[in-house]
Every structure is written in structure tokens, then in C-alpha cells.
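Inspection log for the structure reproduced underneath, given as C-alpha cells.
Below, chains carry the letters A, B, ... as their sequence lines are ordered, and counting in each starts from 1. These values consider heavy atoms only, across backbone and side chains, with no hydrogens, waters or symmetry-generated copies.
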2 protein chains.
Amino acid sequence: MNSQAAVSVKRIADSTVRRLSAYLRFLEDFEGRGLMTISSEELAKRGGTTSAQVRKDLSFFGSFGKRGLGYSVPELAGRLREILGLGREWKIVIVGAGKIGAALAQYRGFRQRGFSILAAYDNNPEKIGRKLEDIPVRDIDQLERDIEREKPDIAVLTVPAEEAQSVVNRVVSVGVKAILNFAPTQLHAPADVTVKTVNMAMELEGLSFALTNRE
Amino acid sequence: MNSQAAVSVKRIADSTVRRLSAYLRFLEDFEGRGLMTISSEELAKRGGTTSAQVRKDLSFFGSFGKRGLGYSVPELAGRLREILGLGREWKIVIVGAGKIGAALAQYRGFRQRGFSILAAYDNNPEKIGRKLEDIPVRDIDQLERDIEREKPDIAVLTVPAEEAQSVVNRVVSVGVKAILNFAPTQLHAPADVTVKTVNMAMELEGLSFALTNRE
DNA sequence: TTTAACTTGTGAATGAATTCACAAGCCGCT
DNA sequence: AGCGGCTTGTGAATTCATTCACAAGTTAAA
């Protein structure tokens, strides 16, 4: 009767979610070009995967296609938005107003996809009270108080590695359940808190390894 | 007889390489604190994995530990540096001198780990000729010429999504074999070119999914 | 209607990564 | 020299992810 994203019966692999996110981007591109329908094969080619993979990924959540025809572009896009939880606005705080924090604060992609940045936090008195684009930089001492009042969904960490764990502890203590970490360090958090880490050093070392160990 | 990083007989999984990179970071931390020896169990606890995983990861490259004792911290760190190809200097060019490109150009972590940034490239006349910290911003028209002369190992892409594929084609055409991509788009490159993509939108959507589908 | 050309959705088969579990080796103590 | 406590290295077992392969459904055209 209602069109809730299907219940996630079994745990969905991270790799699957990343691909869904990629499919949605392609669909939006196709949508923009007025295409009404698309096959798993075309979606696969665009995303560097296989059509079976595309169909399997979608099958975890329901069956959205028409045999012989493919998928309705707008419908599938809508379903993916539902599945990924993009139907609503997510509130973000950025902790750390250094170079990377500032670059993120100005990144257009966030707003476009329904992520709205409430504020950035720093401990540098020079920065506190100023604005990044139109995002206020606040004193990190207010962090817990503000989080309890404004209830952001996601904390983005762009503090030095040494401070990252302590910031995790602080935001977790006031109820934040999702963290995007840019500090090059392993973080520990309770099981009900999702942490994703973007680690440039690690990516570069992956490239270094690939360049070194080629046959 | 000689201590080359062991030949990579079978293909090593990406996840393994990422963990090796993490282990190295922990070892450097332990090294700094004067610890001489460490067990797979301690390494695992620090990295949020299991001791069997740590031992298996290392076993692909040789056997570096002493039964009953563990691993020599400095020796294992050295071996990991070898394996990851960090014994030498890697030369990088950044393509795109926007906010993110600029933040990366100033990121200390690169130099610390032996990655040296030769130059950044942009098509904006306002930026060309200036410097980011001490890194020159050059005209993107010179890209191929400069690459052929200076032979960078890695190209870091911080251009808009629409331009990313064309930059890939250009750098690949003059011999670049490793690309770190920050544009939120799927890139296609020949099999002998390694491409790693850091996609913030995708990470955020992963968090959105996790927040939405919790039981 | 029937047929031909497509394409989905999904069990079953395969392949890949992780975990188990234990023999083998090392150290220090007696 | 022998014993007890530890810890590695690794085949075997298990779990997880991807690919195969095909029945079933859809469309369009004759």
C-alpha cells in the first residue's frame, strides 16, 4: 500500500550501497537528458560493473523493473532516493575549520543533495565568530550544548588526528549517530554509531603499492 | 638473500592493502613511543580487526614475526614501507586549483610520507602564475608538455565532474599510471592505470543509508 | 494470435575474503 | 634439559559477494 523503502531484511553490504549511490547519479544524468527508460545493461556499462550485479543490488530492495523493457528512469531514481534516505534533509556540523573544513563548508555538492551545514567548530579564537561562506564558525566549547539543541544527524571531522578520537567521544556522548572522518586515524565508536573515514594518505599508499607491485 | 618485498604471487585485495597502510601508521606510533615489539593481537585491537586477519595479511608477503614473541616494531615498519613502495619519492601533480586542490596542495601529510607535489594546474588566468604555499599554479595547456618532461607518477584530480574524464584521457596519453580522483564521477581508464576515487557525496549517502535503515 | 526479440528477477554455482584452529617455534624459569 | 605460557604462520572451514544461466514476463510486429 505505501511505498516505504523495503525493509532491509538482511544486512546490506557497503559495496552495494556505494553502487546504489553511483546508479542514482547516472539516473539523474539520464533524467536530465530526457531518457525515460534504461536497462540494467546500460546502467552497468556506465558504472563499470555487470548487469547481473545491478539487478542483484536492486533485488535486495524490491523489483522495480519491467521484463523486456528495463527500468523507468524517474521511478528508479525515486526508489533509490528513498532507499538511500535522501527524501529528507540531513543536518551536518563540521568540526575543525582548517583548510579542509573550509573547503568542505563551501562545497556545493552537500546542499544539492539535501545535506545542510548548520555550523563549523574550531578552538582558534581568530576563527571563532567569523563565517565560511555563510556558515558560522563557533567555539568548540559550545559543541555539546549546540548539538543537544540543534540535533544534527552527522558530524564531519576535519581536526588533527590527535584530537579526532576525543571529538568522536564528545559528539557520541550527545547522541550523534553518524560521523564522516577526514583525520588520518582509526576511530573507535559504539556499534550503533556509523563511522566512515576518508583517508588520503591511505589512498595514496594504495597507489604507491599498485605502482610498485605491477607485473 | 636480499630483502626485496616478496613477489606478489597472487593479486592482493584492495582491503588488504588498506589494512597494511593502517598497520604501518600504528607501528610508527608505537615506534615513537619506544615500543620494540608487538603482537598481531595488539595490532588488531588498534585497527579494529582480528589477529588472524593481521597475520593473514602479512603472510602474503613473507613471515616477519617470531613465534612466542610477536613482531619487531622497527623491522615490521620497514617491511611494510617496502611492500607499500614508500622507500622512494613519488612525484605528484594536482589538476584543478580550486578549494579542494588548494587544500590538498597545503596538506602536510603528503610530504611527510614521501609524496612531493610538483605543481598544480588550472585554466583560470587569475590563478595561473601564482603559488599555493610554495607550489606553482601553471596553465593547464602545459599539462602534457610538463608531464612528459617531469614524469610525475600520480595525478590528483580536483576538477569539476564534467572535466574529469577528459583530464584522465590527457594524463593517461602521456604515460601517467596512477590517478587519485576527487571529482564525483565514474572514470574510465585502461587496465594498466590505477584509479582511486574519493567521493564525498557517496560517503554521505552511505551515512544517510545507515541512519535510515537501522533496525 | 503467434512469434521474435528483449530484459528482468532470482536460485544455484562459483569465487573471494575472513575466521577458525592448531602444529610448530620461541622464551624464560626452574 | 624440560616445562609452561605465548604467539606465529597457515591449511581448512566458513561466510560473504559476484557471476551464471534461465524461466517468466513484456512489447511490437506480422
Side-chain angles (χ1 to χ4, degrees), chain A residues 5-23 26-27 30 35-77 79-80 83 206 209, chain B residues 5-23 26-27 30 35-77 79-80 83 206 209:
Chain A
V7 236
S8 58
V9 188
K10 42 177 339 206
R11 210 191 135 279
I12 301 297
D14 217 70
S15 49
T16 299
V17 178
R18 301 178 69 84
R19 282 191 301 266
L20 293 177
S21 176
Y23 302 155
F26 306 149
L27 287 167
F30 287 126
L35 222 45
M36 286 314 285
T37 189
I38 190 169
S39 69
S40 56
E41 184 58 43
E42 295 167 278
L43 221 30
K45 198 172 301 162
R46 194 78 155 57
T49 178
T50 67
S51 64
Q53 179 78 81
V54 171
R55 296 198 301 277
K56 183 65 90 181
D57 286 341
L58 296 176
S59 77
F60 295 133
F61 301 94
S63 63
F64 311 128
K66 271 211 173 50
R67 290 166 193 233
L69 237 205
Y71 302 87
S72 148
V73 171
E75 192 207 320
L76 186 54
R79 295 306 192 100
L80 287 177
I83 291 166
F209 176 85
Chain B
V7 236
S8 58
V9 186
K10 42 173 344 202
R11 210 190 134 279
I12 300 297
D14 217 70
S15 49
T16 298
V17 179
R18 301 178 69 84
R19 283 192 300 268
L20 293 177
S21 176
Y23 302 156
F26 306 149
L27 287 167
F30 287 125
L35 221 46
M36 287 314 286
T37 189
I38 191 171
S39 69
S40 57
E41 184 58 44
E42 294 168 279
L43 222 31
K45 198 170 302 161
R46 193 78 156 58
T49 178
T50 67
S51 63
Q53 179 78 81
V54 171
R55 295 198 300 276
K56 183 66 87 181
D57 286 341
L58 296 175
S59 77
F60 295 132
F61 302 94
S63 64
F64 311 128
K66 272 212 172 48
R67 293 169 190 228
L69 239 204
Y71 301 88
S72 149
V73 170
E75 191 205 321
L76 186 55
R79 294 305 192 101
L80 287 177
I83 291 165
F209 176 84

For B/Gln53 and A/Glu41, take the nucleotide of DNA chain C holding the closest heavy atom to each; which residue's nucleotide lies nearer the 5' end? A/Glu41
What is the distance from atom CG of A/Leu58 to atom OH of A/Tyr23, rounded to the nearest 0.5 Å? 6.5 Å
Quickly work out the A/Lys66 NZ to D/dA28 C1' distance and round it to whole Å. 16 Å
Between B/Gln53 and B/Thr50, do the side chains contain a donor N or O and an acceptor N or O under 3.5 Å apart? no
From CZ of B/Arg55 over to C1' of D/dC6, roughly how many Å is that when rounded to an integer? 11 Å
Value in whole Å for how far the C1' atom of D/dA17 lies from CG of A/Asp57: 10 Å
Tell me every residue that passes side-chain hydrogen bond (donor to acceptor under 3.5 Å, both in side chains) with B/Ser40, counting only those two or more places apart in sequence or in another chain. B/Arg55
No-H, no-angle donor-acceptor pair, B/Arg67 side chain to D/dT7 base, under 3.5 Å: no
With no hydrogens and no angle check, is any side-chain donor or acceptor of B/Thr37 less than 3.5 Å from a backbone partner on B/Tyr71? yes
B/Met36 versus B/Val73: any side-chain heavy-atom pair under 4.5 Å? no
Tell me: NZ of B/Lys56 to C1' of D/dT7, nearest whole Å? 16 Å
Mind checking A/Ser40 for me? I need base, sugar-phosphate or nothing, with any heavy atom below 4.0 Å counting as a touch. sugar-phosphate
Give a yes/no answer on whether the side chain of A/Arg19 brings an N or O atom under 4.0 Å of OP1 or OP2 in D/dT18. yes
Heavy-atom side-chain proximity of B/Leu43 to B/Thr49 below 4.5 angstrom: no
Anything under 4.0 Å to a heavy atom of chain A counts; send over the first and last such nucleotide of DNA chain C, read 5' to 3'. C/dC6 to C/dA12
Please tell me which of A/Ser15 and A/Leu69 maps to the more 5' nucleotide of DNA chain D, matching each residue to the nucleotide holding its nearest heavy atom. A/Ser15
